[in-house]
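Heads up: the structure comes next, in structure tokens.
Just so it is clear, the structure is predicted and the values come from calculations on it, not from any experiment.
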Amino acid sequence: MIRLFDTLTGAVRPLAQRDEGKVSLYACGPTVYDHPHLGHARQAMTYDFMRRYFEWRGLEVHHAANVTDIDDNIINRAKREGSTESAVAAEWKAVYDEAIFERLNILRPHDRPHATEFVAQMVEFIETLVDNGTAYANESGVYLRVHLVEGYGDLVHRSLEELREGAGARVDVDDNKEDPLDFALWKAAKPGEPVWPSPWGDGRPGWHIECVAMSLGILGDGFDLHGGGTDLAFPHHTNERAEAIAAGRDFAQHWVHNAMLNIGGEKMSKSLGNYTTIGALLDEHPDNGRALRLALLQTHYRKVMELNPAVMEQAREGVKRLDAMARKATSAGVPLDGPERDTGAITAFTTAMDDDLGTPEGVATMFETIRRANAALDVGDDTAGALVATAVELAEAMGLEVQRTKPTGDDTDIDALVVARTQARAEKDFVEADRIRDELTALGITVEDTPNGPIWHRS
RNA sequence: GCGCCGGUGCCCGAGCGGCCCAAGGGAACGGCCUGCAAAGCCGUACAGUCGCGGGUUCAAAUCCCGCCCGGCGCUCCA
């Protein structure tokens, strides 16, 4: 049975499943107005791990993630560039998609609703709240009466009084609100901003209402999982939940939050300006995509993790072990996708992953299996097939791709050099053999001699 | 200030009451293999004990209390 930590109850509990055999997952997506950074990667990767594992376990996953394509940051950028909000959003969404889905091998959500496509549903939702008296409208917008919401601060385990203390001390008191804790559902039009019509005048939706309208609209009432970074638990998720409760709707059954990514001991974020963009990291080394995935897998998703060049380098070395095993198996004629499995390893992996997505232990099991596969391969033991196939399956269940073939390209020159070296070795002309190997090394090629002849790969 | 989460080997990082004289990865060292390498395997060292001090228990890295240090949230934020 799959169990996951639930932020609301503060405990690990069985994964909610509204419908047997299925999981509905809503993960808050990006606001698209700039380069995505490594924090975004951790967030998207965390829900990718979950989805892949659920699917590996045979569950049918419905994964939805929004794209916020209208907000202050987008408006400001459009203004600054003399562009339009929709053009800015489209441009940065494309950058996000390329980095996340193409380069990081993260599975695309089944649904990617854009906020601007759901304004009608949001207006309808707000009307319900105004009609039942939990929301009020004035010249500046529509607000939710937070004190009417049962268990408002439960997600962050704080009482209304405790939250009010924070709000009073830190936020400028807004005369338009009855209570400092109340928040905007609808923002009245400001000059020069894009607007949509509503019963309360032209304006645009507040941030939280988007996710409520989209998650409920796509996944339906009482969907299973709602996720995002811990920094969204308050106010974003708290307010989404409040809106649903105020409307009398059954919302997410299970809340999951991934921890932050630190750089030099501090949270990586836009506002601190200490972020590395995904593109920049990926450009540094061809293996960085898989290395980042491995580094992320080796730390539990709920634990703050530090990411720096040393961590990346260590992860890159780890990824090499996977490819090296695949090469060794292939040269020995052992298929990577044979039918046999090592049940002990499969069981260990399943147990670890079922327990709150224990990817660090899952990775440990994978490496353990690689070690055993290599040992079996070395002596030609017939358990090698099952061990190799198991290791590959576990790696790919976590989204770590194994390099199966030589990189594409014109390899005839390299093959010719390798053949010439083999010839020289056969003739015991080691001086010439080593000269050729140096030549290959200069080309970025590593040759390995195996009992079945030489194999090479790009280093 | 309030709330929450952490502090484990040289580095990253699991474990969260007995199976721990503490997983896995990286780095190091020795051996085997190799013409030499590479890759791999085997082994060794590194945690004299898991931030510090008390306590509970037959038993604690794991539970409780206090303290120190770090992070996150309370504000746009993954």
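- Here B:C36 sits opposite no nucleotide as a Watson-Crick or G-U wobble pair (both hydrogen-bonding atom distances under 3.5 Å).
- The phosphate of B:A78 (OP1 or OP2) has no side-chain N or O of A:K267 nearer than 4.0 angstrom.
- Salt bridge A:D378/A:K328: present, at least one basic N to carboxylate O contact under 4.0 Å.
- Under 4.0 Å is where a charged nitrogen must lie from a carboxylate oxygen, and between A:E313 and A:R316 no such pair does.
- Look at B:G48: it lacks any Watson-Crick or wobble partner with both distances under 3.5 angstrom.
- Residue A:L294 is out of contact with every strand shown, counting any heavy-atom pair closer than 4.0 Å.
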Please encode protein proximity along nucleotides 34-42 of chain B as a string of B, S and -, counting only heavy-atom distances under 4.0 Å.
-BBBBSSSS
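- The side chain of A:A364 approaches B:G24 more closely than any other nucleotide in the set B:G24, B:C2, B:G71.
- A salt bridge links A:R421 to A:D449: at least one charged side-chain nitrogen sits closer than 4.0 Å to a carboxylate oxygen.
- Pairing for B:C19 is absent, judged as Watson-Crick or G-U wobble with the two contacts each under 3.5 Å.
- Taking the six-membered ring for Trp and the full ring otherwise, A:F183 and A:H208 have centroids separated by under 6.0 Å.
- When the ring-ring contact (aromatic ring centres under 6.0 Å, His included) test is applied to A:Y96, no partner is found at least two apart in sequence or on another chain.
- Remark: B:G3 base-pairs with B:C72; criterion is Watson-Crick or G-U wobble with both hydrogen-bond distances under 3.5 Å.
- Remark: B:U56 base-pairs with no nucleotide in the shown strands. Criterion, Watson-Crick or G-U wobble with two distances under 3.5 Å.
- Using a 4.0 Å cut-off between charged side-chain N and carboxylate O, A:R327 and A:D323 make no salt bridge.
- In this structure B:G70 sits in the anti conformation; its chi angle is more than 90° from 0.
- The pairing partner recorded for B:C41 is B:G31, the criterion being a Watson-Crick or G-U wobble arrangement whose two distances lie under 3.5 angstrom.
- Looking at A:R437 and A:D434, a side-chain N of the basic residue comes within less than 4.0 Å of a carboxylate O on the acidic one, giving a salt bridge.
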Listing time: all N or O pairs from protein to nucleotides 14-20 of chain B that are below 3.5 Å?
{"unit_1": "B:A14", "atom_1": "OP1", "unit_2": "A:H300", "atom_2": "N", "d": "2.6"}
{"unit_1": "B:A14", "atom_1": "OP2", "unit_2": "A:K303", "atom_2": "NZ", "d": "3.0"}

